[in-house]
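Structure first, then comments.
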2 protein chains.
Amino acid sequence: MRIGELAVKAGVSVRALRYYEEQHLLAPERSPSGQRRYPDAALDRVQWIQQLYAAGLPSKKIVELLPCLDTGVSTSATLALLTAERERIHTQITGLVKMRDKLDTLIAVAQQTAPRST
Amino acid sequence: MRIGELAVKAGVSVRALRYYEEQHLLAPERSPSGQRRYPDAALDRVQWIQQLYAAGLPSKKIVELLPCLDTGVSTSATLALLTAERERIHTQITGLVKMRDKLDTLIAVAQQTAPRST
DNA sequence: CTTGCCTCTGACGTCAACGTCAGGTTCTAG
DNA sequence: CTAGAACCTGACGTTGACGTCAGAGGCAAG
């Protein structure tokens, strides 16, 4: 699979895929002429990467986690990282939930105050 | 209240407070010599700002929301913005929850695989 | 064979929320 | 009155995940 095809399937830019390679998140084979060839498994991997980025992890942490994500096997180091990130994400969730509730309150007040369309 | 004191109370840097002013998130009075003087209400406001930043809102959106946050009164425009951001945050929460669950699964597997300390 | 799309490697640009440094002023304690 | 802390205004630096452009090579179709 070439880079353009993978980009479309994964919904990311070609530039992003090259960037992931720079960050050692992907290591595609090369055709004789030097073009990148990705195996089908790369699609899953790219989606993992995207979701981890969305969860606030930087490339460095993702690199350290990837072997574990592929194999399902953790060293004590990756296990520590997993639990640490889990905690971070959990904390972030609780913060976001509080904010969502605050906004809900504001919205409720606003809808009682503004529209006289009853 | 001067800028250093507010910074300590709010747990942010002095630089951050000046930056907030640049972004029109704060508009402190000035002493005759030109030093910033903040009212007590500024503390609440700074905490709002921090939490909104943490929820992923950029300065621009926060500016538009601030009048509503102070007064509790929404125009139709701010109401739209409130609901839009609420949705965004909600979406982000569900994504994060899924990721947390994935990590929990990985951690559980890892703890079954690695430690033979039973 | 050439047209046109895909790909390659640099390398500079972007954006947001600050950090940091320089050079100067103001406030407060002794 | 003076030393030191706190404050001021620029203005450049930082970080991360890419966007974008330049110039060159590769590949299938007609």
Side-chain angles (χ1 to χ4, degrees), chain A residues 1-39 42 45-66 81 85 88-89 92 95-96 99, chain B residues 1-39 42 45-66 81 85 88-89 92 95-96 99:
Chain A
M1 185 185 242
R2 298 200 302 178
I3 196 171
E5 190 182 349
L6 178 57
V8 170
K9 285 190 184 173
V12 305
S13 69
V14 167
R15 177 67 175 94
L17 292 178
R18 297 208 188 97
Y19 175 74
Y20 297 165
E21 189 174 351
E22 269 182 37
Q23 302 301 308
H24 310 287
L25 301 175
L26 292 176
E29 307 265 305
R30 297 299 184 116
S31 77
S33 67
Q35 296 196 351
R36 295 172 178 82
R37 294 303 147 107
Y38 298 89
R45 194 156 182 157
V46 170
Q47 286 168 348
W48 259 112
I49 294 171
Q50 284 286 306
Q51 292 169 39
L52 289 171
Y53 276 141
L57 282 86
S59 303
K60 263 191 167 183
K61 305 267 180 176
I62 301 182
V63 166
E64 302 176 42
L65 286 183
L66 274 182
L81 226 147
E85 290 305 323
R88 214 187 41 70
I89 291 172
Q92 197 183 342
L96 287 176
M99 180 53 73
Chain B
M1 186 188 247
R2 298 199 304 177
I3 196 170
E5 190 182 348
L6 177 57
V8 171
K9 286 189 183 174
V12 305
S13 70
V14 167
R15 177 65 174 97
L17 293 178
R18 297 207 188 99
Y19 175 74
Y20 297 166
E21 190 174 352
E22 269 181 36
Q23 304 300 308
H24 311 287
L25 302 174
L26 293 175
E29 308 264 306
R30 296 299 184 116
S31 78
S33 68
Q35 295 198 352
R36 296 171 176 81
R37 293 303 148 107
Y38 298 88
R45 194 161 184 152
V46 171
Q47 287 169 346
W48 259 112
I49 294 171
Q50 285 287 307
Q51 292 169 38
L52 289 170
Y53 276 141
L57 282 85
S59 303
K60 264 191 167 183
K61 305 266 180 178
I62 301 181
V63 166
E64 303 176 39
L65 286 182
L66 275 181
L81 225 147
E85 289 305 323
R88 213 187 43 71
I89 291 173
Q92 197 183 343
L96 287 176
M99 180 54 72

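Chain letters run A, B, ... following the sequence lines, proteins first and then strands; every chain starts at 1. What you see below is based on every heavy atom in this structure, not just the backbone, and it leaves out hydrogens, waters and symmetry mates.
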> Distance from B:Ile62 atom CD1 to B:Tyr20 atom OH, nearest 0.5 Å?
Replying inline: 8.0 Å
Listed pairs, N/O of protein and of nucleotides 27-30 of chain C, under 3.5 Å:
{"from": "C:dC27", "atom 1": "OP1", "to": "B:Ser33", "atom 2": "OG", "distance (Å)": "2.8"}

>> I need the CD-C1' distance between A:Gln51 and D:dA17, as an integer number of Å.
In response: 17 Å
>> What's the separation between atom NZ in B:Lys9 and atom CD in B:Gln47, rounded to the nearest 0.5 Å?
In response: 11.0 Å
>> Does a side-chain N or O of B:Arg36 approach OP1 or OP2 of C:dT26 to a distance below 4.0 Å, or not?
In response: no
> Quick one: CG on A:Leu25 to CG on A:Leu52, what's the gap to the nearest 0.5 Å?
Replying inline: 9.5 Å
> Atom NZ of B:Lys60 and atom C1' of C:dA17: how far apart are they, to the nearest Å?
Replying inline: 15 Å
>> Tell me the interatomic distance from A:Arg18, atom CZ, to C:dC8, atom C1', rounded to whole angstroms.
In response: 7 Å
> Nearest-Å distance, CD (B:Glu22) to P (D:dC12)?
Replying inline: 14 Å
> Going through the checks in order, is the side-chain contact (heavy atoms from CB on, under 4.5 Å) test met by B:Leu17 and B:Tyr38?
Replying inline: CA-CA 11 Å; B:Leu17 293 178; B:Tyr38 298 88; 4.1 Å; yes
Could you list, one pair per line, each protein nitrogen or oxygen that sits under 3.5 Å from a nitrogen or oxygen of nucleotides 18-21 of chain C, together with the distance?
{"from": "C:dC18", "atom 1": "OP2", "to": "B:Tyr20", "atom 2": "OH", "distance (Å)": "3.1"}
{"from": "C:dG19", "atom 1": "OP2", "to": "B:Ser13", "atom 2": "OG", "distance (Å)": "2.5"}
{"from": "C:dG19", "atom 1": "N7", "to": "B:Arg15", "atom 2": "NE", "distance (Å)": "3.2"}
{"from": "C:dG19", "atom 1": "O6", "to": "B:Arg15", "atom 2": "NH2", "distance (Å)": "3.1"}
{"from": "C:dT20", "atom 1": "O4", "to": "B:Arg15", "atom 2": "NE", "distance (Å)": "3.1"}

> Run the side-chain hydrogen bond (donor to acceptor under 3.5 Å, both in side chains) check on A:Tyr53 and A:Ser59 step by step: do they pass?
Replying inline: CA-CA 8 Å; A:Tyr53 276 141; A:Ser59 303; 2.7 Å; yes
> Over how many whole Å does the gap from A:Ile3 atom CD1 to D:dG26 atom C1' extend?
Replying inline: 15 Å
> A:Glu29 has an atom CD; how far is it from atom P of C:dT7, in whole Å?
Replying inline: 17 Å
> Nearest-Å distance, CZ (A:Arg30) to P (C:dT7)?
Replying inline: 12 Å
> For the atom pair CZ (A:Arg37) and CZ (A:Arg30), what is the distance rounded to the nearest 0.5 Å?
Replying inline: 10.5 Å
>> By the 4.0 Å heavy-atom rule, please label A:Leu25 as base, sugar-phosphate, or nothing.
In response: nothing
>> The criterion is side-chain contact (heavy atoms from CB on, under 4.5 Å); which residues satisfy it with A:Lys61, sequence neighbours excluded?
In response: A:Leu57, A:Pro58, A:Leu81, A:Glu85
> Out of curiosity, A:Leu96 CG to B:Gln51 CD, how far, rounded to the nearest 0.5 Å?
Replying inline: 11.0 Å
> Can you check the A:Glu21 CD to C:dG10 P distance for me, whole Å?
Replying inline: 12 Å
>> Nearest 0.5 angstrom please: A:Arg18 CZ to A:Ile3 CD1, how far?
In response: 4.5 Å
